[in-house]
Number of protein chains: 4
Amino acid sequence: MARIIDKEEKRCDIARASIELFCDKGIQQTSMDEIAKSAGVAKGTVYLYFKNKEEIIFAIWDMIAQRHHEAFGKRITEHMRAKEKLLDFFNFSECEEEGNKEQVLKLYQHFISAMLIDKTGLYSAYFESFFQEDFDFISGCLHEGVAKGEFLIDDVDLLTTSIMLLLKGLLVRAKASNMGFYEAQTLLIKHVTFLLNQCTRSLP
Amino acid sequence: MARIIDKEEKRCDIARASIELFCDKGIQQTSMDEIAKSAGVAKGTVYLYFKNKEEIIFAIWDMIAQRHHEAFGKRITEHMRAKEKLLDFFNFSECEEEGNKEQVLKLYQHFISAMLIDKTGLYSAYFESFFQEDFDFISGCLHEGVAKGEFLIDDVDLLTTSIMLLLKGLLVRAKASNMGFYEAQTLLIKHVTFLLNQCTRSLP
Amino acid sequence: MARIIDKEEKRCDIARASIELFCDKGIQQTSMDEIAKSAGVAKGTVYLYFKNKEEIIFAIWDMIAQRHHEAFGKRITEHMRAKEKLLDFFNFSECEEEGNKEQVLKLYQHFISAMLIDKTGLYSAYFESFFQEDFDFISGCLHEGVAKGEFLIDDVDLLTTSIMLLLKGLLVRAKASNMGFYEAQTLLIKHVTFLLNQCTRSLP
Amino acid sequence: MARIIDKEEKRCDIARASIELFCDKGIQQTSMDEIAKSAGVAKGTVYLYFKNKEEIIFAIWDMIAQRHHEAFGKRITEHMRAKEKLLDFFNFSECEEEGNKEQVLKLYQHFISAMLIDKTGLYSAYFESFFQEDFDFISGCLHEGVAKGEFLIDDVDLLTTSIMLLLKGLLVRAKASNMGFYEAQTLLIKHVTFLLNQCTRSLP
DNA sequence: TATGAATGAGCATTCATTCAT
DNA sequence: AATGAATGAATGCTCATTCAT
């Protein structure tokens, strides 16, 4: 009988161990050696769980995104107003520790950085699908708001895209202006609110 | 005095030679060796004009930004409407060859990528100042439009920031969705126009 | 007793499973992992049947050589002329499928490559004994031909050695000239025939 | 002014330093690190003179082949008999030190080993051209012998090819039988002489 | 001023083998 | 007997930067 190991859990262990490194040093700057050491395993072991470095990155992002969507799904309730839901989407309430939110911001920035210079198209494809999920969430909120008679929107898709562009823009801006998570979030909410107020017409 | 001019010229020569390389291969992937070869000088010579790779990058960006602002300054005329000016700002008309626009887009993405993972703060500081210039331009246009009675805006700064976030967001989105310059530009204009229409109130 | 038979069978199973891999990718390039997977057993199991990679290689070669000699022994008949027998020795008729002949050629080349760089002397010893078998076969044919009065040979050993050198030389040449099995075989037979014609004197 | 360096000489220095390593440990088993250390330079420096490991190997072989052909060209004289020339071709007289001949034999074996498992075709192409040169030399000797009335040969090409196959076969045999240079050479000459005696008809 | 030779740390990935279960 | 998780050494190649000339 072979050693009994929860492969999925070990995968997570290794991925989790990489997160801190990626945040601190960046993706490119983190070596597989460091990841292995940080996870407390040998270098070769990392490759038993991940085909290559990219797979670790995507696995991490999957973990974060899944957790975000799941947590968001649990938080929202029937009677919440669409606008409330939307703003809650940008609040990573699932991060128990406060530091985790800063981590998520940094990771986001590192991942986008990696994507922006990727030549293989893997990152683009990955982020595209990931953005699509977010798009669907946001779009869903808006449509729901319209359906519930909360507000009127001429072109939901256009507004959704605008919101997503604001989100992405803010990730860049946050780095340039050396913002932390909260500052960035506050700014984002301010602009999304502004946009919503402008683009929706309250029903009488 | 002649010396200084020569020096400045050679700096430009070297910087210019790197642009294509940076666009084609990315900043990280372009070696100082290639830059030297492309500029037709020895590797050591590059270091006589630039302290390191970063300095080349900033020099390039300075060149492009200066050219952009200068060209924009020339294009706009007294009788143009504010909205016209604003949209013209996003049209890199100064790029004579069409390919150059694609280059500028790629460079922008590469630079942002570099900034997002920069630990020194140099990039952030640089981009912050650079973004500030753009902010001033856009803000100037909007204020002018208000002054001229072209439209009413409650909070010019907020709107300006929103526009800038859209711009940055689009640079990220363009890569994820594998867009070229024109597609990205079209999308940007669409969203800025939408925003302007929503956020400004035409005077009767 | 049953155990031993099983063990021998399993050894063969594993060895057989490696053949294709060795042909396709080369000995060095085939990992024990791949061999195990291909044989449908766990990596550790391979080591229960073979002390190391080399042992697998020798086992394979034993299988092939044994099959070759057995098949050859069956094919030749009393009334065949010595020359016929000799040429038949170079025809791997026992390979039912045509592709197998190409495999044998490749294996031969891979094995010789491994021997040529071997530091342990294991390969040399192995091949020496293996060459000796071939030498005996060929020498036997020639002696028989002489005994039967088919031809006259001054120095049977010298001629045998020459034939064997031609065979080995052809294996190298076949790779350099990118020959397949048939091309190599044709060339070999041509040269052996030429040698035989020159070195033997037909009796009147 | 840059450091004045005879690039060609340094190339040779590095190549020469690798020879011993390749002989002792084999090509595959010699790391670029060891080559650099052995040549007394940094690893990166090796790459200034050779694009990759293969280039070193081919450079070495070029050096040896060139030296061999040049030395051979000088040694042979007008009045030598064709057979004398031919046998001299297999005598690496240009190797001043005796150990060098053993080195050449080992290198030959290592190179052939590398070729036999090469998937790129580079080695095959290289050896093919190299074999062609040898073929031309040998063929030239034989033709000359015929022209001079030294002997009669029905098919010079066939005989030349046979000789070359003997040579290649002997390189393999030498390893299997653990022969040194002299033993191998003696055997080769014996077989070539035998072949020549059989295949040529002395004129009356 | 200009050159370009030299450096050497850095890194992703592979793989034969072991051994706890 | 059989498994397969774990190991960690090994390696070809890159590149920003320095400095002797």
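Just the heavy atoms: all of them, side chains too, but no hydrogens, waters or symmetry mates, feed the values below. All values derive from a computational prediction rather than experimental measurement.
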The side chain of Leu48(C) lies closest to which of these nucleotides: dA16(F), dA6(F), dT3(F)? dT3(F)

Which nucleotide sits closest to the side chain of Tyr49(D): dT3(F), dG8(F), dA6(E)? dA6(E)

Are Asp33(C) and Lys37(C) ion-paired here, with the side-chain N under 4.0 Å from a carboxylate O? yes

Under 4.0 Å between any heavy atoms, over every strand shown, what does Lys53(D) touch: base, sugar-phosphate, or nothing? Just pick one. sugar-phosphate

Are side-chain heavy atoms of Tyr49(B) and Asp13(B) found at a separation under 4.5 Å? no

From NZ of Lys51(A) across to P of dT14(E) the rounded distance in Å is 10 Å

Are Asn178(B) and Ser124(A) side-chain neighbours, meaning at least one heavy-atom pair lies under 4.5 Å? no

Side chain of Thr45(C) only, please: which of dA5(E), dT3(E), dT3(F) is the nearest? dT3(F)

Is any side-chain heavy atom of Arg16(B) closer than 4.5 Å to a side-chain heavy atom of Cys12(B)? yes

Quickly work out the Ile56(D) CD1 to dC13(F) C1' distance and round it to whole Å. 12 Å

Side chains of Ile57(A) and Tyr126(A): closer than 4.5 Å at any heavy-atom pair? no

On DNA chain F, more 5' by nearest nucleotide between Asn52(D) and Gly40(A) is Gly40(A)

Where along residues 32-39 of chain A does a heavy atom fall under 4.0 Å from DNA chain E? Met32(A)

Does Lys53(A) reach the main-chain N or O of Ile27(A) with its side chain, forming a donor-acceptor pair under 3.5 Å? yes

Those residues of residues 10-24 of chain D lying under 4.0 Å from DNA chain F by at least one heavy atom: none

5′-ward residue of the pair Ile27(C)/Thr30(A) relative to DNA chain E: Thr30(A)

Please report the distance, rounded to the nearest Å, between CD in Gln29(A) and C1' in dA9(E). 15 Å

Please confirm whether any donor atom in the side chain of Lys43(A) sits under 3.5 Å from an acceptor in the base of dT13(E), or the reverse. yes

Tell me, yes or no, whether the heavy-atom count around Gln29(D) atom CD, taken from other residues, nucleotides or ligands under 6.0 Å, exceeds 12. yes

Are the side chains of Tyr123(B) and Leu116(B) in touch, meaning some heavy atoms are under 4.5 Å apart? no

For the pair Tyr108(A) and Phe127(A), name the ring-plane relationship: parallel under 30°, tilted 30 to 60°, perpendicular over 60°. tilted

On DNA chain F, more 5' by nearest nucleotide between Gln28(B) and Val41(A) is Val41(A)

Taking the minimum atom-to-atom distance to the side chain of Tyr47(C), which one of dT7(E), dT18(E), dT13(E) wins? dT18(E)

Would you mind classifying the nucleic acid contact of Phe50(A) as base, sugar-phosphate or nothing, using non-hydrogen atoms under 4.0 angstrom? nothing

Intra- and inter-strand pairing of DNA chain F, written as dot-bracket with Watson-Crick and G-U pairs under 3.5 Å and | for the latter, reads .||||||||||||||||||||

Asp24(B) CG to Lys119(A) NZ distance, which is reported to the nearest 0.5 Å: 7.0 Å

Does some side-chain heavy atom of His110(C) sit less than 4.5 Å from a side-chain heavy atom of Ile117(D)? yes

Where the side chain of Glu34(A) meets the backbone of Thr30(A), is there a donor-acceptor pair that is under 3.5 Å apart? no

